[in-house]
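The structure under discussion appears below in the form of structure tokens.
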Amino acid sequence: MTRRLRLWVLAVGGAGIAALLVAACLDLPGFGGRRHPYGDRAVRASLSRHIANTIAAVNFDQRAYDTLGEISILFAAVLGCVVLLRQTRDEHRARPEPAEVVRPVRRYALLVLPVALVTGAYVIAHGQLSPGGGFQGGVVAATALHLLYLGADYGALERVRPLGAYTAADALCVSGYLVTGLAGVLAGTAFLANTLLPYGTFNTLSSGGTVPVLNAAVGMEVASAVVVLLASFLDQAVEIEEDKGSTKEDKGS
């Protein structure tokens, strides 16, 4: 295929997508109007399953299959980074020397660390009740751990960050999401259908059927994935160094 033909194919495809987007935008409900077909159905379905947070109902109930795709993409991305950033034969690990941390930075980081951890856990646990959820809470919890790197040193972070455990937790949480979906199939309903658990009392932690279970699995998966991802980059920046005696042939291999 020539370059000119590729450009024509790109132009035709882009024009088709642009036409579809324009047609969709022209048929949108008026801004501030009372007609919201999708929103009305989403809220109705959320309330019928005792889920106070409609966004969580969409993510983990009405479109739970889409969320499975999102966490699978994150899992694959982290796996790819771990493989690409692994230590090679022409590299070695050098233990980093503890750096002097300015006292205000140390105090602030160590003071905020437990607060951030509790906040992350709270956001995950209350995902079906209030704004937030597994994705947001997982990022907050994972980021909170790295305040130890800012407030102390890299060695202190490594002591509370066993990568083997976080890697296993990442895989187990993705598997747990899948198993929850397959359990619905074995029970005679659809994949990831919210029919396995009782819906509970509205606006309580135990409400929403399988939504809290899926939300917790996503929260733990995101937190573990972010920790493993940042560890790969931090290892490259802090510990892994190129061997000074390596040759071009070694690097090419």
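No side-chain heavy atom of His50 sits less than 4.5 Å from a side-chain heavy atom of Thr201. In this structure, Leu192 and Tyr177 have side chains that are in contact, with non-hydrogen atoms separated by less than 4.5 Å. With contacts defined as side-chain heavy-atom distances shorter than 4.5 Å, the pair Phe60/Val218 qualifies. Using a 4.5 Å heavy-atom cutoff, the side chains of Val211 and Arg49 are not in contact. For the pair Tyr166/Leu145, a side-chain contact is recorded, criterion being any heavy-atom separation below 4.5 Å from C-beta on.
The minimum heavy-atom distance linking Ala231 with Tyr154 is given by the pair O-OH, 4.2 Å. Here the closest heavy-atom approach between residue Leu148 and residue Val160 is recorded as CD2-CG2, 3.6 Å. A pairwise comparison of heavy atoms in Gln128 and Asn215 identifies OE1-ND2, 4.5 Å as the closest pair. Nearest heavy-atom pair across Gly134 and Val222 is O-CB, 4.3 Å.
Surrounding CZ of Phe191 are more than 12 heavy atoms belonging to other residues, nucleotides or ligands, all under 6.0 Å away. Other residues, nucleotides and ligands contribute more than 12 heavy atoms inside 6.0 Å of the CZ atom of Arg106. More than 12 heavy atoms of other residues, nucleotides or ligands lie within 6.0 Å of CZ in Phe202, so this atom counts as buried by the packing criterion. Environment of OH in Tyr122: sparse, with no more than 12 heavy atoms of neighbouring residues, nucleotides or ligands closer than 6.0 Å. In this structure, Arg6 places its CZ atom where more than 12 heavy-atom neighbours from other residues, nucleotides or ligands lie under 6.0 Å away.
In summary, the side chains of Thr210 and Thr180 do not present any donor paired with an acceptor at a separation below 3.5 Å, with no hydrogens or angles considered.
With hydrogens and angles disregarded, no donor-acceptor distance shorter than 3.5 Å links the side chain of Asn194 to the backbone of Asp61. The closest donor-acceptor contact from the side chain of Ser46 to the backbone of Ile51 lies under 3.5 Å.
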